[in-house]
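Below is one structure, written out as structure tokens, with a few remarks after it.
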Amino acid sequence: MILNSYAKLNLFLKVLNLRKDNYHNLETVFERIDLHDRIVLKSLPGKLIKVSCNNPSVPADSGNICYRAAELLQKACKVNKGVEIKIIKKIPVGSGMGGGSGNAAATLLGLNKLWGLGLSRKKLVGFAKKIGADVAFFIYDVPFAYGASRGDEIKPIVALGDVRLWHILVVPGIHVSTPLIFKKWDSFSGKNSYLAGLTSSVSNVKILTSVIRKNALSYKGESLFNSLEVLTISLYPEVGSIKNKLARLGLKSILMSGSGPAVFGVVASRKQALLFKKQLERENASWQVFAVRTH
Ligand code: C5P
């Protein structure tokens, strides 16, 4: 069984407060994009779970997020079968685009069929939440969704069902630690209402959705917002360099996704995205550049 495992961007991400479980409550808007990994699942006799990946920075043992997803299902549903999981990576690892979370979701969805478990979406979402905050979004087969709580209370944005946006996407060759960025948010949020997300009628998910809906074909990226961007840039200045570079190319709406370091800009067409991609690749060999679309 072969599954596509897509990436996400956060068009909006407002961190609200630290929770007792050390996660953060947040308000986010997810967009699924066409950049994707492939997950190949093959049933194995016995209860063996085997993982391999073409990218050596991804663990191929019980620490792999797909391994954990398979093991969770195996135990919870008392499955007496095993699985071989091959991950073919195209989404940059640890980039803020939910690659690993999408892989885990694809594993849950695929094993539900391969092992004939017949689990409802609600049940699968329950398992997804146990694996990571971003996994639940990928269980829903939708291009746009709101995420509340830890980002795992998902509500598909039905009004944007037909909207397809084009982006230029840039990923520098650095690794950003998500827990570190959230810790930094904790130490700043008490002192700074902007970071705490207490400001702004302008940064609001409802406004964002309505602007995108009204300008479906001419949306230029108004009302994009990410609480974590300023923090990641302070620790990893290269993220700021990408933003500056995109601004110099004339892009108006540029945002970091998740805790970074991926940065995207909203562009009008595939043609424009490909033009920017060519130019950026010529100038910065260490950046991975993609022209991507809502999927
Ligand atoms: O769930 P996931 O493993 O993707 O989260 C990685 C880390 O990001 C968590 O361990 C936590 O430090 C931070 N995080 C958070 N609040 C969220 C999501 C993630 O603090 N809502």
Side-chain angles (χ1 to χ4, degrees), residues 5-33 37 39 51 53 57-59 61-72 87 89 91-108 124-140 145-155 171 174-190 192 195-197 203 205 225-232 234-236 239 255-262:
S5 168
Y6 294 93
K8 58 87 179 165
L9 298 175
N10 300 89
L11 298 180
F12 183 94
L13 198 167
K14 186 185 273 186
V15 183
L16 302 175
N17 62 287
L18 177 64
R19 299 156 49 108
K20 289 210 174 82
D21 61 6
N22 270 329
Y23 272 79
H24 292 74
N25 284 313
L26 46 87
E27 228 186 337
T28 190
V29 172
F30 291 108
E31 176 193 5
R32 187 174 62 179
I33 55 171
D37 298 334
I39 305 290
V51 180
C53 182
S57 68
V58 174
D61 56 16
S62 58
N64 185 287
I65 194 164
C66 294
Y67 186 105
R68 289 198 280 124
E71 191 181 45
L72 186 65
I87 307 163
K89 271 274 158 208
I91 306 168
V93 174
S95 59
M97 293 193 287
S101 300
N103 294 170
T107 304
L108 292 175
L124 288 169
V125 166
F127 289 121
K129 287 180 180 185
K130 289 189 178 154
I131 299 165
D134 284 341
V135 184
F137 165 64
F138 292 106
I139 298 291
Y140 291 80
Y146 295 117
S149 190
R150 304 186 314 164
D152 56 2
E153 286 297 325
I154 301 296
K155 220 200 249 161
V171 187
I174 54 172
H175 174 77
V176 169
S177 160
T178 303
L180 181 70
I181 300 300
F182 274 102
K183 271 212 188 86
K184 184 127 178 151
W185 186 90
D186 295 334
S187 56
F188 273 81
S189 58
N192 189 326
L195 290 173
S203 56
V205 280
F225 178 78
N226 185 339
S227 299
L228 301 175
E229 188 178 71
V230 62
L231 298 172
T232 302
S234 74
L235 288 174
Y236 305 91
V239 175
L255 193 74
M256 186 184 79
S257 181
S259 57

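As the structure lists them, so they are numbered: ligands from 1, and atoms in each ligand from 1.
The shortest N/O to N/O separation between S101 and ligand 1 does not fall below 3.5 Å. Between H24 and ligand 1, a contact under 3.5 Å exists for at least one N or O pair. By the 3.5 Å distance cut-off applied to N or O atoms, S149 is not counted among the residues near ligand 1.
Numbered from 1 in the order shown, with element, the atoms of ligand 1 that lie under 4.0 Å from a heavy atom of R150 read 17 (C), 21 (N). Per-residue contacts place A133 under 4.0 angstrom from the following atoms of ligand 1 (heavy atoms of the residue considered): 1 (O), 2 (P), 18 (C). The atoms of ligand 1 that sit less than 4.0 Å from any heavy atom of G132 are 1 (O).
Nearest protein heavy-atom neighbour of atom 12 (O) of ligand 1: P179 CA, 3.6 Å. At the top of the distance list for atom 2 (P) of ligand 1, counting protein heavy atoms only, stands Y23 OH, 3.8 Å. Protein heavy atom closest to atom 7 (C) of ligand 1, with residue, atom name and distance, is T178 CG2, 4.0 Å. What sits closest to atom 13 (C) of ligand 1 on the protein, heavy atoms only, is F182 CD1, 3.4 Å.
Not a single donor-acceptor pair under 3.5 Å links the side chain of R32 to the backbone N or O of A145. No donor-acceptor pair under 3.5 Å is formed between the side chain of T232 and the backbone N or O of G260. In this structure a side-chain-to-backbone donor-acceptor pair under 3.5 Å is present from E229 to M256. A donor-acceptor pair is defined here as one N or O able to donate and one able to accept, closer than 3.5 Å; no such pair exists between the side chain of N25 and the backbone of L16.
Within the 4.0 Å heavy-atom shell around ligand 1 one finds N22.
When all heavy atoms of G94 and P261 are compared, the closest pair comes out as O-CD, 3.5 Å.
N103 and D37 share a side-chain donor-acceptor pair at under 3.5 Å. Side chains of R19 and S149: a donor on one and an acceptor on the other come within 3.5 Å.
Between F137 and F30, the ring planes lie parallel to each other; the angle is under 30°, not in the 30° to 60° tilted range.
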